[in-house]
Amino acid sequence: MQRFIFGLLISIAAATANALPPPEARSLPLEEISLEHINIQGQIQTWRLHKVCIDGQAYLLITGTTGPGGISAAYKDGKPEQCQLRPAGK
């Protein structure tokens with residue numbers, strides 16, 4: 001009986017969570033969150049790797065000629081790299 005009640009509570013919690021609207025999307029201009037740019041050149045295509053800072057965590061964003069290709073957390077010394085954005089103009 002306890003398993004049934006526990007399963008029922010989990011089902012109700014999941015249904016409630018799924019019914020909530022998603023959080024509103026934020027816009028972060030690439031120019032404001034960029035830390036570093038690296039161009040990776042091949043014989044056929046060139047990619048631009050951007051190191052960006054989002055909410056205090058550094059990420060690597062790879063872009064190609066058709067737009068973004070992927071995003072991954074940046075690591076430094078084997079740990080996720082933390083970052084801080086410097087105010088513009090300083």
Side-chain angles (χ1 to χ4, degrees):
M1 184 67 170
Q2 288 180 341
R3 283 186 168 186
F4 174 75
I5 293 173
F6 181 70
L8 183 62
L9 289 174
I10 294 295
S11 298
I12 291 170
T16 303
N18 289 336
L20 296 173
E24 196 168 318
R26 295 184 295 163
S27 293
L28 300 171
L30 186 59
E31 296 78 25
E32 291 181 16
I33 61 172
S34 287
L35 299 173
E36 186 177 357
H37 301 34
I38 302 167
N39 287 327
I40 302 170
Q41 294 184 310
Q43 291 181 346
I44 298 173
Q45 188 174 10
T46 299
W47 297 273
R48 182 164 238 192
L49 186 65
H50 298 272
K51 186 186 280 188
V52 297
C53 186
I54 302 173
D55 294 335
Q57 170 68 46
Y59 293 91
L60 297 172
L61 172 68
I62 191 165
T63 56
T65 56
T66 58
I71 188 167
S72 175
Y75 286 83
K76 185 174 187 177
D77 299 327
K79 297 178 183 175
E81 183 177 351
Q82 303 298 306
C83 59
Q84 289 185 353
L85 289 175
R86 295 177 230 31
K90 286 192 175 187

Margin query: Within the structure provided, determine whether Leu28 and Val52 are in side-chain contact (heavy-atom separation under 4.5 Å).
Written below: no

Check: Is there a side-chain contact between Tyr75 and Pro80 (heavy atoms, below 4.5 Å)?
Finding: yes

Next item on the list: First locate atom CD1 of Ile62, then atom CD1 of Ile40, and finally report the distance between them rounded to the nearest 0.5 Å.
Entry: 5.0 Å

Give me the atom names and distance for the closest heavy-atom approach of [X] to [Y].
X	Y	answer
Cys53	Leu35	CB-CD1, 3.9 Å
Cys83	Ala58	SG-N, 3.6 Å
Leu60	Ala74	CG-CB, 4.0 Å

Note to self: Distance alone, cut at 3.5 Å: any donor-acceptor contact between the side chains of Gln57 and Gln82?
What the structure shows: yes

Check: Among pairs that include at least one residue of residues 69-79, which meet salt bridge (charged side-chain N to carboxylate O under 4.0 Å, His left out), considering only residues two or more places apart or in two chains?
Finding: none

Notebook entry, point to check: Can you list every pair that meets salt bridge (charged side-chain N to carboxylate O under 4.0 Å, His left out) and has a residue in residues 26-38, with sequence neighbours left out?
Noted result: Arg26-Asp55, Glu36-Lys51

Notebook entry, point to check: Can you name the side chain to side chain donor-acceptor pair (under 3.5 Å) partners of Asn39, sequence neighbours left out?
Noted result: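 If we apply the side chain to side chain donor-acceptor pair (under 3.5 Å) test to Asn39, skipping adjacent residues, the hits are Arg48.
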
Check: Linking I/L/V/M/F/W/Y whenever their side-chain heavy atoms sit closer than 4.5 Å, directly or via other members, would Ile71 and Ile33 fall into one cluster?
Finding: yes

